[in-house]
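Convention: sequence-line order gives letters A, B, ...; per-chain numbering from 1.
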2 protein chains.
Amino acid sequence: MVSRRCEYGIRASILIARESLKGNRINLRLISDKIGSPLGYTTKILQSLSNEGILLSRRGPKGGFEIAPEAMETINFHGIIMALDGGQIYSSCGLGLSECSEDHPCPIHEHFNLVRADLNAMVKKANLLQLAHGLINGKTFLNTSKKNTLIKDKKV
Amino acid sequence: MVSRRCEYGIRASILIARESLKGNRINLRLISDKIGSPLGYTTKILQSLSNEGILLSRRGPKGGFEIAPEAMETINFHGIIMALDGGQIYSSCGLGLSECSEDHPCPIHEHFNLVRADLNAMVKKANLLQLAHGLINGKTFLNTSKKNTLIKDKKV
DNA sequence: TCTATTTAGGACAAAAAAGTCTTTTATTAT
DNA sequence: ATAATAAAAGACTTTTTTGTCCTAAATAGA
Ligand code: SF4
Ligand code: SF4
């Protein structure tokens with residue numbers, strides 16, 4: 001549904017948001033460790049998010065990444081996906097049926113529109129403040145298994 | 001959402017179904033032409049679908065691909081996706097948040113469940129008979145632009 | 001039987017995505 | 001100032017996905 005790049009970006013953002021709410025800045029090593037992503041790859045993803053203004057970064061000792069608490073309500077999945085994958089998910093049909101248009105719809109257009117509407121609603125509804133709070137309250141978890149091992153194991 | 005491989009497979013299946021309803025067998029060259037997919041790649045996708053019993057193939061002159069009309073109601077997107085991409089779409093979280101479990105959900109689990117439910121409903125509801133009929137009636141279209149040019153152009 | 005046609009199958013190549021490594025720049029504390 | 005720390009940036013490699021090409025096997029029709 002989204003690229004791995006984007007998956008890491010989402011997980012990292014939620015983690016950084018949580019730490020920022022607790023007043024901490026968190027560095028690359030810790031992030032890649034906690035979310036189970038390759039360090040050298042993560043650095044670029046976080047750079048992209050910084051460049052897009054989603055994260056704040058600070059070099060040097062005591063440096064790391066953070067998110068301004070007042071911005072957290074504005075930053076949602078949609079923004080992160082746009083920053084990392086670019087709008088393809090939205091502009092292209094998820095089923096690859098070439099062209100979208102209301103007066104020339106492909107055979108499954110109606111069905112697919114429902115899914116797309118839900119997806120759009122979700123990515124815009126899910127903001128970082130909410131997600132980070134969920135983590136802090138303990139109601140929800142940010143599972144940090146390395147490299148999706150659990151999911152891959154299922155296949156074997 | 002699905003791989004390109006799967007996109008081609010879906011488009012091809014709908015086309016073959018339509019032709020089969022009209023009593024025609026359709027060959028590789030025509031298929032790849034109509035759906036705008038590379039011929040040599042398409043051959044393998046159709047082979048996979050044949051091996052999974054989704055398509056019937058016939059070699060030699062007047063050969064080609066077809067789908068038994070009585071099977072069309074049984075063949076849905078779910079089956080095609082499983083045959084070509086394998087169940088990853090279902091087993092892994094579309095947002096890559098590692099682990100799925102009802103008692104240890106990740107922060108956006110509830111939101112995502114809605115999308116997933118819709119998606120599941122769609123891929124199972126969309127069967128080939130229905131889709132092929134849509135094409136024949138002229139109510140819906142199977143857009144055959146080559147290599148998703150329209151979508152890619154939007155980015156430029 | 002012979003030839004033309006069409007799928008099957010496998011080896012190979014190119015492109016894209018994911019991941020690694022090394023050097024540079026900024027920041028903090030001594 | 002200097003040393004240590006951490007992000008920025010870019011070159012490079014590996015893996016996966018996508019795509020190409022060539023040969024073999026099956027089938028229909030002359
Ligand atoms: S018309 Fe609908 S189903 Fe068809 S390609 Fe466009 S969005 Fe997808
Ligand atoms: S708990 Fe829900 S949102 Fe989280 S990884 Fe699993 S399916 Fe995805």
Side-chain angles (χ1 to χ4, degrees), chain A residues 1-12 16 19 24-33 35-67 81 84-86 88-89 92 96 146-148 152 155, chain B residues 1-12 16 19 24-33 35-67 81 84-86 88-89 92 96 146-148 152 155:
Chain A
M1 188 162 288
V2 298
S3 68
R4 197 169 293 185
R5 177 183 163 76
C6 206
E7 297 183 2
Y8 294 151
I10 290 173
R11 290 201 242 168
I16 295 165
E19 290 305 313
N24 303 327
R25 197 174 288 134
I26 181 170
N27 71 29
L28 178 62
R29 215 166 323 175
L30 266 167
I31 293 168
S32 91
D33 220 62
I35 70 172
S37 65
L39 189 128
Y41 195 34
T42 312
T43 201
K44 305 197 171 167
I45 296 167
L46 297 182
Q47 271 170 45
S48 297
L49 291 174
S50 294
N51 291 338
E52 296 294 324
I54 290 169
L55 306 177
L56 299 172
S57 69
R58 179 90 151 258
R59 300 189 197 186
K62 300 274 175 187
F65 296 87
E66 63 187 304
I67 297 175
I81 291 170
L84 295 176
D85 279 356
Q88 302 132 310
I89 314 162
S92 76
K146 298 225 169 176
K147 309 211 172 197
N148 299 326
K152 284 193 176 166
K155 287 172 59 184
Chain B
M1 189 163 288
V2 298
S3 68
R4 196 169 294 186
R5 176 183 164 76
C6 205
E7 297 183 2
Y8 294 150
I10 289 173
R11 290 201 242 170
I16 296 165
E19 290 304 313
N24 304 326
R25 199 174 287 133
I26 180 169
N27 71 31
L28 178 63
R29 213 167 326 175
L30 266 167
I31 294 168
S32 91
D33 220 63
I35 69 173
S37 66
L39 189 128
Y41 195 35
T42 312
T43 200
K44 306 202 169 164
I45 294 167
L46 297 182
Q47 271 171 47
S48 298
L49 291 174
S50 294
N51 291 338
E52 295 294 324
I54 289 168
L55 306 177
L56 300 172
S57 69
R58 179 92 148 256
R59 300 187 196 187
K62 299 276 174 186
F65 296 87
E66 63 187 304
I67 297 175
I81 291 169
L84 296 176
D85 280 356
Q88 302 133 310
I89 314 162
S92 76
K146 299 225 168 176
K147 310 211 174 199
N148 298 327
K152 283 192 176 166
K155 287 171 59 187

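For the atom pair CD (A/Gln88) and CE (B/Met1), the distance works out to 13.0 Å, reported to the nearest 0.5 Å. For the atom pair CD1 of A/Ile35 and CD1 of A/Ile10, the computed distance is 10.5 Å after rounding to the nearest 0.5 Å. For the atom pair CD of B/Gln47 and CG of B/Leu28, the computed distance is 9.0 Å after rounding to the nearest 0.5 Å.
The nearest whole Å value for the distance from the NZ atom in B/Lys44 to the P atom in D/dT23 is 15 Å. Note: CG (B/Leu84) to P (D/dT16) measures 19 Å, nearest angstrom. C/dA16 atom P lies 12 Å from atom CD of A/Gln88, rounded to whole Å. When the C1' atom of D/dT16 is taken as reference, atom CG of B/Asp85 falls 13 Å away, rounded to whole Å. Atom-to-atom, OH of A/Tyr41 to C1' of D/dA11 comes out at 16 Å; the value is rounded to the nearest Å. Across the protein-nucleic acid pair, A/Arg4 atom CZ and C/dA16 atom C1' stand 14 Å apart, rounded to whole Å. What separates CG of A/Leu30 from C1' of D/dA7 is a distance of 14 Å, to the nearest Å. Rounded to an integer number of Å, the gap from CG of B/Leu56 to P of D/dT27 is 13 Å.
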Tabulate protein N/O versus nucleotide N/O from nucleotides 5-8 of chain C, keeping only pairs under 3.5 Å, one per line.
from	atom 1	to	atom 2	distance (Å)
C/dT5	O2	B/Pro61	N	3.4
C/dT6	O4'	B/Gly60	O	3.0
C/dT6	O2	B/Gly60	N	3.1
C/dT7	OP1	B/Leu28	N	2.8
C/dT7	O3'	B/Ser57	OG	3.3
C/dA8	OP1	B/Ser57	OG	2.7
C/dA8	O4'	B/Arg59	NH2	3.1

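At the phosphate of D/dA6, neither OP1 nor OP2 sits under 4.0 Å from any side-chain N or O atom of A/Arg25. Put simply, B/Tyr8 has no side-chain N or O that comes within less than 4.0 Å of OP1 or OP2 on D/dT18.
Residues A/Leu39 and A/Arg29 have side chains in contact (heavy-atom distance under 4.5 Å, counting atoms from C-beta outward).
At a cut-off of 3.5 Å, with distance as the only test, a side-chain donor of A/Thr42 or A/Ser37 sits close to an acceptor on the other residue.
For the pair B/Ser48 (side chain) and B/Lys44 (backbone), a donor-acceptor distance under 3.5 Å is present.
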